[in-house]
Amino acid sequence: MQQLTQQVEQCFRLAESYFKQSFQRPELVLSSRKSKVAGSANLSQWRLRFNAHFYQQQPEHFLAQTVPHEVAHLVCHAVYGRVKPHGVEWQQIMQQVFNCPATTTHSYSIEYLQLPSVEYYCACQTHQLSIRRHNNVQRGASYQCKRCKQQLRLCTIINSDNSGR
Ligand SMILES: [Zn+2]
Ligand SMILES: [Zn+2]
(Lines give C-alpha, C1' and ligand atoms only; values in the text may rest on other atoms or scores of the structure.)
(Ligands and ions follow the chains in the order given, each with its own letter.)
Protein backbone atom coordinates (compact mmCIF):
# COMPACT_ATOMS: atom_id res chain seq x y z
CA MET A 1 0.00 0.00 0.00
CA GLN A 2 2.88 2.34 0.78
CA GLN A 3 4.36 2.06 -2.71
CA LEU A 4 0.96 2.60 -4.19
CA THR A 5 0.46 5.75 -2.13
CA GLN A 6 3.89 7.01 -3.17
CA GLN A 7 3.20 6.39 -6.83
CA VAL A 8 -0.12 8.23 -6.64
CA GLU A 9 1.68 11.13 -4.96
CA GLN A 10 4.39 11.07 -7.64
CA CYS A 11 1.78 11.24 -10.40
CA PHE A 12 0.05 14.18 -8.74
CA ARG A 13 3.36 16.04 -8.42
CA LEU A 14 4.03 15.57 -12.12
CA ALA A 15 0.55 16.85 -12.89
CA GLU A 16 0.99 19.81 -10.57
CA SER A 17 4.20 20.92 -12.20
CA TYR A 18 2.72 20.43 -15.67
CA PHE A 19 -0.55 22.28 -15.07
CA LYS A 20 0.90 24.71 -12.50
CA GLN A 21 -1.97 24.15 -10.10
CA SER A 22 -2.47 22.00 -7.05
CA PHE A 23 -4.77 19.01 -6.81
CA GLN A 24 -6.56 17.54 -3.87
CA ARG A 25 -5.29 14.06 -3.04
CA PRO A 26 -7.89 11.31 -3.32
CA GLU A 27 -8.88 8.62 -0.88
CA LEU A 28 -7.15 5.35 -1.84
CA VAL A 29 -8.72 1.95 -1.57
CA LEU A 30 -6.86 -1.28 -2.24
CA SER A 31 -9.68 -3.71 -2.78
CA SER A 32 -9.46 -7.49 -2.75
CA ARG A 33 -12.98 -7.77 -4.07
CA LYS A 34 -12.99 -10.02 -7.14
CA SER A 35 -13.26 -7.87 -10.21
CA LYS A 36 -12.02 -7.70 -13.78
CA VAL A 37 -11.26 -4.04 -13.31
CA ALA A 38 -7.65 -3.14 -12.45
CA GLY A 39 -8.56 0.22 -11.02
CA SER A 40 -11.30 2.78 -11.01
CA ALA A 41 -11.61 6.48 -10.34
CA ASN A 42 -14.66 7.83 -8.59
CA LEU A 43 -14.84 11.49 -9.54
CA SER A 44 -17.66 12.56 -7.24
CA GLN A 45 -16.18 10.82 -4.18
CA TRP A 46 -12.63 11.70 -5.25
CA ARG A 47 -11.54 8.16 -4.61
CA LEU A 48 -9.26 5.70 -6.39
CA ARG A 49 -9.90 2.02 -6.04
CA PHE A 50 -7.20 -0.46 -7.00
CA ASN A 51 -7.46 -4.21 -7.49
CA ALA A 52 -5.20 -5.93 -4.97
CA HIS A 53 -5.04 -9.17 -6.99
CA PHE A 54 -3.63 -7.48 -10.06
CA TYR A 55 -1.29 -5.38 -7.96
CA GLN A 56 0.18 -8.51 -6.41
CA GLN A 57 0.36 -10.20 -9.79
CA GLN A 58 2.51 -7.53 -11.52
CA PRO A 59 3.39 -4.80 -9.03
CA GLU A 60 5.83 -2.95 -11.31
CA HIS A 61 3.47 -2.87 -14.24
CA PHE A 62 0.66 -1.88 -11.94
CA LEU A 63 2.58 1.10 -10.58
CA ALA A 64 3.79 2.12 -14.04
CA GLN A 65 0.47 1.79 -15.88
CA THR A 66 -2.61 1.34 -13.78
CA VAL A 67 -1.85 4.00 -11.19
CA PRO A 68 -1.17 6.77 -13.76
CA HIS A 69 -4.25 5.65 -15.71
CA GLU A 70 -6.53 6.24 -12.73
CA VAL A 71 -4.80 9.37 -11.48
CA ALA A 72 -5.15 10.78 -15.00
CA HIS A 73 -8.94 10.44 -14.67
CA LEU A 74 -8.94 12.62 -11.56
CA VAL A 75 -6.51 15.17 -12.97
CA CYS A 76 -8.50 15.28 -16.21
CA HIS A 77 -11.68 15.95 -14.27
CA ALA A 78 -10.05 18.65 -12.13
CA VAL A 79 -8.57 20.44 -15.14
CA TYR A 80 -11.16 19.94 -17.86
CA GLY A 81 -14.37 19.08 -16.04
CA ARG A 82 -16.84 16.86 -17.82
CA VAL A 83 -15.06 15.32 -20.79
CA LYS A 84 -14.96 11.85 -22.29
CA PRO A 85 -13.36 9.34 -19.86
CA HIS A 86 -10.61 8.30 -22.30
CA GLY A 87 -10.80 11.26 -24.64
CA VAL A 88 -8.05 13.51 -25.98
CA GLU A 89 -7.62 15.38 -22.68
CA TRP A 90 -7.08 12.18 -20.74
CA GLN A 91 -4.75 10.84 -23.44
CA GLN A 92 -2.74 14.04 -23.32
CA ILE A 93 -2.26 13.69 -19.56
CA MET A 94 -1.18 10.07 -19.93
CA GLN A 95 1.29 10.77 -22.70
CA GLN A 96 2.62 14.23 -21.96
CA VAL A 97 2.41 14.40 -18.18
CA PHE A 98 3.01 10.79 -17.17
CA ASN A 99 4.91 9.70 -20.28
CA CYS A 100 2.74 6.57 -20.45
CA PRO A 101 0.94 4.89 -23.31
CA ALA A 102 -2.75 5.82 -23.21
CA THR A 103 -4.12 2.31 -23.10
CA THR A 104 -7.56 1.51 -21.82
CA THR A 105 -7.34 -2.25 -21.48
CA HIS A 106 -5.11 -4.28 -19.21
CA SER A 107 -3.36 -7.60 -19.66
CA TYR A 108 -3.54 -8.96 -16.14
CA SER A 109 -4.63 -12.53 -15.92
CA ILE A 110 -8.24 -12.82 -14.84
CA GLU A 111 -8.03 -16.53 -14.25
CA TYR A 112 -8.15 -15.97 -10.50
CA LEU A 113 -11.74 -14.89 -10.98
CA GLN A 114 -12.62 -18.39 -12.09
CA LEU A 115 -15.16 -16.91 -14.40
CA PRO A 116 -18.23 -18.97 -14.90
CA SER A 117 -18.89 -20.50 -18.25
CA VAL A 118 -22.42 -20.54 -19.46
CA GLU A 119 -24.37 -23.61 -20.33
CA TYR A 120 -26.11 -23.87 -23.68
CA TYR A 121 -28.03 -26.70 -25.21
CA CYS A 122 -28.94 -28.05 -28.62
CA ALA A 123 -30.94 -31.09 -29.68
CA CYS A 124 -28.26 -33.58 -28.70
CA GLN A 125 -26.17 -32.32 -25.80
CA THR A 126 -25.21 -29.41 -23.56
CA HIS A 127 -22.34 -27.05 -24.36
CA GLN A 128 -20.18 -24.92 -22.09
CA LEU A 129 -19.69 -21.59 -23.77
CA SER A 130 -16.94 -19.27 -22.62
CA ILE A 131 -17.98 -15.88 -21.32
CA ARG A 132 -16.53 -14.35 -24.48
CA ARG A 133 -18.77 -16.46 -26.71
CA HIS A 134 -21.72 -15.94 -24.43
CA ASN A 135 -21.20 -12.18 -24.73
CA ASN A 136 -21.08 -12.56 -28.51
CA VAL A 137 -24.43 -14.33 -28.39
CA GLN A 138 -25.83 -11.47 -26.29
CA ARG A 139 -24.72 -9.16 -29.07
CA GLY A 140 -26.46 -11.19 -31.75
CA ALA A 141 -23.97 -13.90 -32.75
CA SER A 142 -25.12 -17.50 -32.91
CA TYR A 143 -23.29 -20.80 -32.61
CA GLN A 144 -24.25 -24.17 -34.06
CA CYS A 145 -23.74 -27.62 -32.68
CA LYS A 146 -21.25 -29.40 -34.91
CA ARG A 147 -23.08 -32.66 -34.48
CA CYS A 148 -26.78 -31.86 -34.86
CA LYS A 149 -26.36 -28.48 -36.60
CA GLN A 150 -28.92 -26.90 -34.32
CA GLN A 151 -28.41 -23.40 -33.02
CA LEU A 152 -27.25 -23.34 -29.40
CA ARG A 153 -29.70 -21.98 -26.88
CA LEU A 154 -29.06 -20.66 -23.43
CA CYS A 155 -29.80 -22.80 -20.39
CA THR A 156 -30.70 -20.89 -17.29
CA ILE A 157 -28.09 -22.63 -15.14
CA ILE A 158 -24.80 -20.81 -14.75
CA ASN A 159 -21.93 -23.04 -13.69
CA SER A 160 -18.73 -22.15 -11.98
CA ASP A 161 -15.83 -23.14 -14.16
CA ASN A 162 -13.40 -24.77 -11.77
CA SER A 163 -11.63 -26.83 -14.36
CA GLY A 164 -8.28 -25.94 -12.74
CA ARG A 165 -6.76 -23.82 -15.45
ZN1 LIG B 1 -9.90 4.62 -17.52
ZN1 LIG C 1 -26.19 -31.00 -30.96
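It should be emphasised that the depicted structure is a prediction, and the values quoted were computed from it without experimental measurement. Side chains are part of it too, since the values below use all heavy atoms of this structure and drop only hydrogens, waters and symmetry mates. Whatever order the structure lists them in is the order used to number ligands and atoms, beginning at 1.
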Original post:
Hey, which protein N/O/S atoms does the Zn ion (ligand 1) have under 2.8 Å?
Top reply: His69 NE2, His73 NE2, His86 NE2
Subject >> Output field: ring centroids Tyr55/Phe50 closer than 6.0 Å >> reply: no
**OP:** Could you tell me whether the side chain of His69 and the main chain of Thr103 form a donor-acceptor pair under 3.5 Å?
**Re:** yes
Original post:
Side-chain heavy atoms under 4.5 angstrom apart, residues restricted to Ile, Leu, Val, Met, Phe, Trp, Tyr: same cluster for Trp90 and Phe19?
Top reply: yes
Original post:
Does Pro26 reach the side chain of Leu28, with side-chain heavy atoms less than 4.5 Å apart?
Top reply: yes
Original post:
Would Val8 and Val29 show up in the same hydrophobic cluster when neighbours are defined by side-chain heavy atoms closer than 4.5 Å?
Top reply: no
Subject >> Heavy-atom neighbours of Gln3 CD exceed 12 at 6.0 Å >> reply: no
Original post:
How about the Zn ion (ligand 2), which protein N, O or S atoms come within less than 2.8 Å?
Top reply: Cys122 SG, Cys124 SG, Cys145 SG, Cys148 SG
**OP:** Measure from NZ or CZ of Arg133 to the centre of the six-membered ring of Tyr143, then state whether that distance is under 6.0 Å and the direction lies within 45° of the axis.
**Re:** yes
**OP:** Give a yes or no on this: more than 12 heavy atoms of other residues, nucleotides or ligands lie within 6.0 Å of atom CZ of Arg25.
**Re:** yes
**OP:** Would you confirm whether His73, through its side chain, and Leu43, through its main-chain N or O, come within 3.5 Å as a donor-acceptor pair?
**Re:** no
